[in-house]
Amino acid sequence: MTSVIPKGLGEQIRALAGGEVTSRALVEQSLQRIAETQPTLNAFRRIRAEAALREAAEADRRLASGERLPLLGVPLAVKDDTDVAGEPTAFGCCGDFPAKAEDGEAVRRLKAAGAVIVGKTNTPELGQWPFTEGPAFGDTRNPWNPEHTPGGSSGGAAAAVAAGLVPAALGSDGAGSVRIPAAWTHLIGIKPQRGRISTWPDAEAFNGITCNGPLARTVADAALLLHVATGNCKGDLHCPEPVDVLSAVGRDPGRLRIALSFKTAFTGTPKRLDPVVRAAVVRLAERLAALGHEVVEAEPRYGLVGFSFLPRATAGLTEWSGRVPDPLLLDIRTRGAVRNGRLLGGTALRWARSYEEPLRRQVGAIFERFDVVLSPTTATPPLRIGAMAGLSGWRTDRAMIAACPYAWPWNVLGWPAMNVPAGFADPERRTLPLGAQFLGPANSEPVLISLAAQLEADQRWYERWPQVSCPGPQPG
C-alpha cells in the first residue's frame with residue numbers, strides 16, 4: 001500500500017486549488033488503496049476506476065483553467081443504495097440489477113460540485129442490520145480491527161473513510177445507519193433533518209425514516225459534505241427550512257444546557273449498556289462540562305415510539321423488495337420482514353405516520369429545558385464478524401436491538417443527530433472505537449456541529465488512524 005498519508009476532504013480541496021496535487025493523483029491513490037484493501041476490508045460493491053480517471057482528467061483541465069467548485073477533483077464514495085448513472089443499485093442484494101440511467105439527486109449535487117465518485121460502498125441487504133455482511137459481497141471488515149464489523153448499514157462507507165480510501169463518503173441513516181458505523185470506526189457521522197439531503201428519485205425513503213448523511217474524519221469535512229449535498233428537487237415530500245452548517249464549524253456554541261441520557265426507548269426486548277460504553281460517554285460529558293456547558297442527567301420521554309417505527313421500516317422493506325430481480329435470493333430474514341411489511345403497510349402504517357407529531361411533542365419536551373441531548377450511539381463496542389450470522393429473524397432483531405438501541409428513535413422524529421468519537425473500548429490497543437451522539441430538535445444541525453467542533457478541538461480525534469490499514473508514518 002502506498003505510504004502517502006491520505007488528506008482530509010478540506011485539505012484535498014485546498015491542495016487541488018493551490019496546484020499542489022492533481023485530481024488524477026488523488027483518484028489514482030484512492031483507487032490503488034481500494035484495490036489493495038478490497039481482499040481484506042471489502043468496503044466497495046462497485047469500483048468506477050475508468051470513469052473516475054476520466055472525470056479526474058476533466059477536473060484537472062477545469063482546475064488548470066482557473067475554475068473553482070466546492071469539491072472539484074476530490075474522490076468520494078457513496079453507499080450502494082444511492083443511484084449513480086451507469087451503475088446498478090443493488091442495496092446489498094444478490095442478483096443482476098440493471099444500470100441506472102441517471103444519478104440520484106444527492107449524487108447529482110456532488111458531481112455538480114466537482115466530486116469524482118470512485119465507487120459505491122457495501123451495505124447489508126436493504127440496509128437492515130448494524131453489520132455489513134451478506135452472500136452478495138461477503139464480509140466488510142473494520143479497519144481498526146478486521147475481526148470486527150465496521151457496523152451498518154453504511155458499513156462500507158465508514159470502512160472506506162476510516163481506512164483513508166476516500167476522505168469522505170455519503171451514507172444513509174434509517175435506524176442509526178450512519179451514526180452506528182461512525183461510532184465503530186472513529187468517525188463523524190451526521191443524520192441531518194429529514195429531507196435536508198434529497199432521496200430522489202424516491203420522494204422519501206422508507207416512509208420518511210431514512211435520511212442521507214455524511215461520514216468524515218473531521219467535523220469541518222462532514223459539514224462541508226452536508227452543505228454540498230443539501231437541497232431538494234420537485235417531488236420531494238420533505239423540504240426543511242435552510243440552515244447554515246458551514247459557519248457553525250467555526251462558531252463558539254456558547255454555554256449550552258446538555259441532557260446526559262442513558263435511557264432507551266421501549267422495545268420489549270432485553271438491553272444492557274456495556275459499562276465501557278457508559279464510562280466513555282461520561283468522560284465526554286465531563287469534558288463538555290469542563291468546556292463550560294451545563295451537563296445534567298435527564299431523559300427524554302420516548303413513550304411508544306417503537307410502534308411508529310416498525311410499520312414504516314417493514315413497509316419500506318416491502319416496497320424496496322419489489323425492485324429486486326429475484327426475491328428468492330433474499331435472506332430468509334429479509335423475506336420474513338417483507339411479509340411483516342405487507343401486514344403492517346395499511347392501517348398500521350397510516351397510524352404510525354399520524355402518531356409522529358404527538359411523539360415529537362412528547363419527546364421534544366426535553367428541549368424546553370435543554371439544548372442538546374448526549375447519549376451513547378451504541379450499547380456495545382463493535383461486534384465480531386459473523387456475530388449474527390445464521391440467527392433467525394427474531395433472534396437477529398433481539399441481538400440488533402441489544403447492541404444498537406439508542407439511534408433509531410430520532411429517525412422516527414426526523415430530527416438531526418450526529419455521532420462523535422468517544423474513545424476506545426481497549427485504550428491500550430485502540431482497536432475498538434466507541435461513539436456518542438448529540439441529539440437535537442428540528443433543524444438543529446448548526447448547534448450540533450458547533451458543539452462537536454468545539455469538542456473536537458479539545459479531543460483531536462482526527463489524529464488517530466487505524467494502524468492495520470494505514471502502514472507507514474501516522475498523523476500525530
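Residue numbers count from 1 along this sequence.
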Is there a side-chain contact between [X] and [Y] in this structure, where contact means two heavy atoms from C-beta onward sitting under 4.5 Å apart?
X    : Y    : result
L432 : F424 : no
L26  : V74  : no
W129 : P124 : yes
L374 : S261 : no
Q454 : Q459 : no
P382 : P433 : yes
L256 : F370 : no
V118 : V27  : yes

Taking all non-hydrogen atoms of both residues, which atom of [X] and which atom of [Y] are closest, and how far apart?
X    : Y    : value
T378 : Y406 : C-CD1, 4.0 Å
I385 : P146 : CG1-O, 3.8 Å
N142 : T149 : ND2-O, 3.1 Å
G104 : P201 : CA-CD, 4.1 Å
S30  : V166 : OG-CG1, 3.6 Å

*Given side-chain contact (heavy atoms from CB on, under 4.5 Å), test V78 with I117 step by step and report yes or no.*
CA-CA 7 Å; V78 298; I117 308 301; 4.2 Å; yes

Looking just at side-chain N and O atoms, do [X] and [Y] make a donor-acceptor pair shorter than 3.5 Å?
X    : Y    : answer
T121 : K79  : no
D81  : T123 : no
T140 : T132 : no
E28  : Q32  : no
N411 : D173 : yes

If I take atom [atom1] from residue [X] and atom [atom2] from residue [Y], how far apart are they, to the nearest 0.5 angstrom?
X    : Y    : atom1 : atom2 : answer
T22  : R61  : OG1   : CZ    : 12.5 Å
K234 : W200 : NZ    : CH2   : 9.5 Å
F206 : E319 : CZ    : CD    : 7.5 Å
R33  : L165 : CZ    : CG    : 6.0 Å
L110 : I197 : CG    : CD1   : 8.0 Å
L439 : L448 : CG    : CG    : 8.0 Å

Any sub-3.5 Å donor-acceptor pair from [X]'s side-chain atoms to [Y]'s backbone N or O?
X    : Y    : answer
W410 : M418 : no
K111 : A106 : no
S172 : N212 : no
W415 : N443 : no
D103 : A85  : yes
D426 : T431 : yes
R141 : L41  : no
E445 : Q193 : yes
D244 : S247 : yes
R287 : L455 : no

*Answer with yes or no after comparing the ring centroid distance for Y462 and H186 against a 6.0 Å cut-off, counting only values under it.*
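Judged by ring-centre distance (under 6.0 Å), Y462 and H186 do not meet the cut-off.
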
*State whether the number of non-hydrogen atoms from other residues, nucleotides or ligands found under 6.0 Å of E357 atom CD is greater than 12.*
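Above 12, so yes.
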
*Please test L72 against L63 for side-chain contact (heavy atoms from CB on, under 4.5 Å), starting from the C-alpha separation and ending with a verdict.*
CA-CA 8 Å; L72 186 55; L63 286 162; 3.7 Å; yes

Below 4.0 angstrom, N of the basic side chain to O of the carboxylate: do [X] and [Y] qualify?
X    : Y    : answer
R54  : E58  : no
R217 : E456 : no
R62  : D60  : no
R108 : E102 : no
R257 : E294 : no

_Working note: D202 + R323, criterion salt bridge (Lys or Arg N to Asp or Glu O under 4.0 Å); need CA distance, chi angles, decisive distance, verdict._
CA-CA 13 Å; D202 292 320; R323 309 177 193 181; 2.8 Å; yes

*asked:* Would R179 and W408 count as a cation-pi pair here, with the cationic atom under 6.0 angstrom from the ring centre and within 45° of the axis?
replied: no

Show every donor-acceptor pair shorter than 3.5 Å between a side-chain atom in residues 88-99 and any protein atom, with sequence neighbours excluded, or say none if there are none.
residue: T89; atom: OG1; partner: D83; partner atom: OD1; Å: 2.7
residue: T89; atom: OG1; partner: K120; partner atom: NZ; Å: 3.0

Listing, residues 223-231 side-chain donor-acceptor contacts under 3.5 Å, not counting sequence neighbours, or none:
residue: T230; atom: OG1; partner: L226; partner atom: O; Å: 2.6

*Give the intermediate values and the outcome of salt bridge (Lys or Arg N to Asp or Glu O under 4.0 Å) for residues E368 and R361.*
CA-CA 11 Å; E368 296 171 6; R361 291 194 296 270; over 6 Å; no

